[in-house]
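These notes are about the structure you will find just below.
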Amino acid sequence: MELSGLGIWSSQLRYGDPAESTEAAAELEELGFTALWIPDVGGPVFDAVERLLAATKQTVIATGILNLWMHEPGDVANSYASLTAEHSDRFLLGIGVSHAPLIDSREPGRYRKPLAATASFLDALDAAQQPVPVERRVLAALGPKMLALAANRSRGAHPYLVTPEHTATARSVLGEGPLLLPEQTVILSDSADEARAIGTDWLRAYLALPNYANNLLRSGFSADDLSQVSDRLFDAIIAWGDEAAVMRRVEEHKAAGADHVCVQVLLADQRAFPREQWRRIAAAAEG
């Protein structure tokens, strides 16, 4: 599984209407997207993976990411084995440690030692009766220690909410071999006011999570940038404009060392499937 090209990261494919999700996945494959990425914030994630695998023939289906606090490693390994037996090796298991406010809100004090928790989860996957192969899993990774773990214990890293500058830093930590598969959020609008109306609250919700906030502070943004959602920060994280603007940002990630970029399209209605926008991006990528 050597991922390249352009993928789609979509909460709608995971949590939207199942019939439309199936139809959209088949179209995304026809449009040439090489991977479809879905989140995991509760619910039967492997049911969604199964649906998307069944709807496609060649496209990689990836979790971006499977929340390790919500799953037993043995169950994950069994589900992985079952899915790959039926659909061949098209399932990429992205694994992540999530965020303390999300995990501790359900069970105070549970989120601790995220690096050790991730390593322990990988140990259990390796020890399963049918292990998840190292080359079929990647880690959500932002900081240098988690990136190093991704390089040593998985096929690579799937950073989320990052800039091309972070991609360059991540590549320097990972080295030349591992895959680097960043997510890039985009808004197809030529109006700065419209883009900010769509994206500011979305971005503010992520900035409340320490892992993302700390990574952006490490990346050179100030506390004021984060608290105000400054134009500088907004423009660095969200690529907005026309299709050419989106593709420029994708190419910046690739020039910085990304093997594959998964694009997340934001709409004013974040529950709606951005199918027109996906088509426009696919046409631009072909051009």
Side-chain angles (χ1 to χ4, degrees), residues 1-10 13 25 28-29 31-39 49 52-53 56-66 80 84 88-96 118 122 132-186 215 219 236-239 243 245-265 278 281-282 284-287:
M1 186 186 294
E2 296 299 327
L3 275 176
S4 61
L6 198 60
I8 291 293
W9 196 105
S10 171
L13 290 174
L28 288 167
E29 180 170 65
L31 289 171
F33 293 105
T34 57
L36 306 180
W37 296 76
I38 59 172
V49 171
L52 296 173
L53 285 169
T56 53
K57 296 180 177 64
Q58 296 179 322
T59 303
V60 171
I61 306 302
T63 49
I65 49 73
L66 179 127
Y80 178 89
T84 54
S88 74
D89 288 334
R90 290 195 292 123
F91 178 28
L92 180 64
L93 183 66
I95 303 164
T118 305
L122 296 175
V132 177
V134 170
E135 64 273 15
R136 293 294 183 268
R137 65 197 194 199
V138 295
L139 299 185
L142 296 173
K145 292 181 180 179
M146 195 67 80
L147 285 164
L149 186 67
N152 293 326
R153 300 289 307 275
S154 80
R155 187 68 183 85
H158 171 52
Y160 185 95
L161 209 77
V162 294
T163 64
E165 291 75 19
H166 181 274
T167 294
T169 299
R171 175 51 73 194
S172 69
V173 175
L174 291 172
E176 290 303 313
L179 292 175
L180 181 51
L181 316 163
E183 173 270 349
Q184 175 61 57
T185 303
V186 308
N215 185 60
S219 298
I237 294 297
I238 300 177
E243 296 92 325
V246 170
M247 293 312 300
R248 280 196 298 272
R249 183 67 61 85
V250 168
E251 291 307 317
E252 289 172 4
H253 279 289
K254 290 188 175 181
D259 297 286
H260 166 92
V261 179
C262 46
V263 170
Q264 177 178 191
V265 177
W278 289 340
I281 291 169
E286 286 185 359

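One is the number of the first residue; the rest follow in order along the sequence. The shown structure was predicted, so the numbers you read here are calculated from the model rather than taken from an experiment.
The two residues A140 and I65 have their closest heavy-atom pair at CB-CG2, 3.6 Å. Nearest heavy atoms, L142 versus L147: O-CD1, 3.4 Å. Scanning both residues, R137 and V132, for their nearest heavy atoms gives NH1-O, 3.1 Å. The two residues L6 and M247 come nearest to each other via the heavy atoms CD2-SD, 4.4 Å. Closest heavy-atom contact between H166 and S219: CD2-OG, 4.4 Å. Annotation for S10 and L13: closest pair OG-N, 3.0 Å, computed over non-hydrogen atoms.
Within the 4.5 Å cutoff, the side chain of L180 has heavy atoms near those of the P159 side chain. In this structure the side chain of Y80 reaches within 4.5 angstrom of the side chain of P133, judged on heavy atoms. At least one side-chain heavy atom of F91 sits under 4.5 Å from a side-chain heavy atom of T63. At least one side-chain heavy atom of I237 sits under 4.5 Å from a side-chain heavy atom of T163. Contact check for V186 versus R249: no side-chain heavy atoms found under the 4.5 Å cut-off. In this structure, the side chains of L92 and L181 come closer than 4.5 Å at one or more pairs of heavy atoms. Between Q264 and Y160 there is a side-chain heavy-atom pair separated by less than 4.5 Å. A heavy-atom distance below 4.5 Å is not found between the side chains of L3 and D259.
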Under the side-chain contact (heavy atoms from CB on, under 4.5 Å) criterion, do T59 and L28 qualify, and how do the steps go?
CA-CA 9 Å; T59 303; L28 288 167; over 6 Å; no

Could you give me the CA-CA distance, side-chain angles and deciding distance for H260 and L179, then say whether side-chain contact (heavy atoms from CB on, under 4.5 Å) is met?
CA-CA 8 Å; H260 166 92; L179 292 175; over 6 Å; no

Stepwise side-chain contact (heavy atoms from CB on, under 4.5 Å) check, T34 with V60:
CA-CA 6 Å; T34 57; V60 171; over 6 Å; no

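Evaluated for a side chain to side chain contact (heavy atoms under 4.5 Å, CB included) with L122, the options I95, N152, V134 yield exactly one hit, I95.
Using modelled atom types, one side-chain atom of W9 and one backbone atom of G64 make a donor-acceptor pair closer than 3.5 Å.
Every salt bridge (charged side-chain N to carboxylate O under 4.0 Å, His left out) that E243 has, sequence neighbours left out, goes to R280. Contacts of T56 classified as side chain to side chain donor-acceptor pair (under 3.5 Å), with partners at least two apart in sequence or in another chain: R90. For S154, the side chain to side chain donor-acceptor pair (under 3.5 Å) test picks out no residue, with sequence neighbours left out.
In this structure, E251 does not pair ionically with R248, as no charged nitrogen and carboxylate oxygen lie closer than 4.0 Å.
If you take CE on M146 and CG on L139, they are separated by 7.0 Å, rounding to the nearest 0.5 Å. A distance of 5.0 Å separates CD1 of I61 from CG of L52, quoted to the nearest 0.5 Å. Rounded to the nearest 0.5 Å, atoms CD1 (I8) and CD (E29) are 13.5 Å apart. Between the NZ atom in K57 and the OG atom in S88 there is a gap of 12.5 Å [rounded to 0.5 Å].
For the residue pair T167 and H253, a side-chain donor N or O sits within less than 3.5 Å of a side-chain acceptor on the partner.
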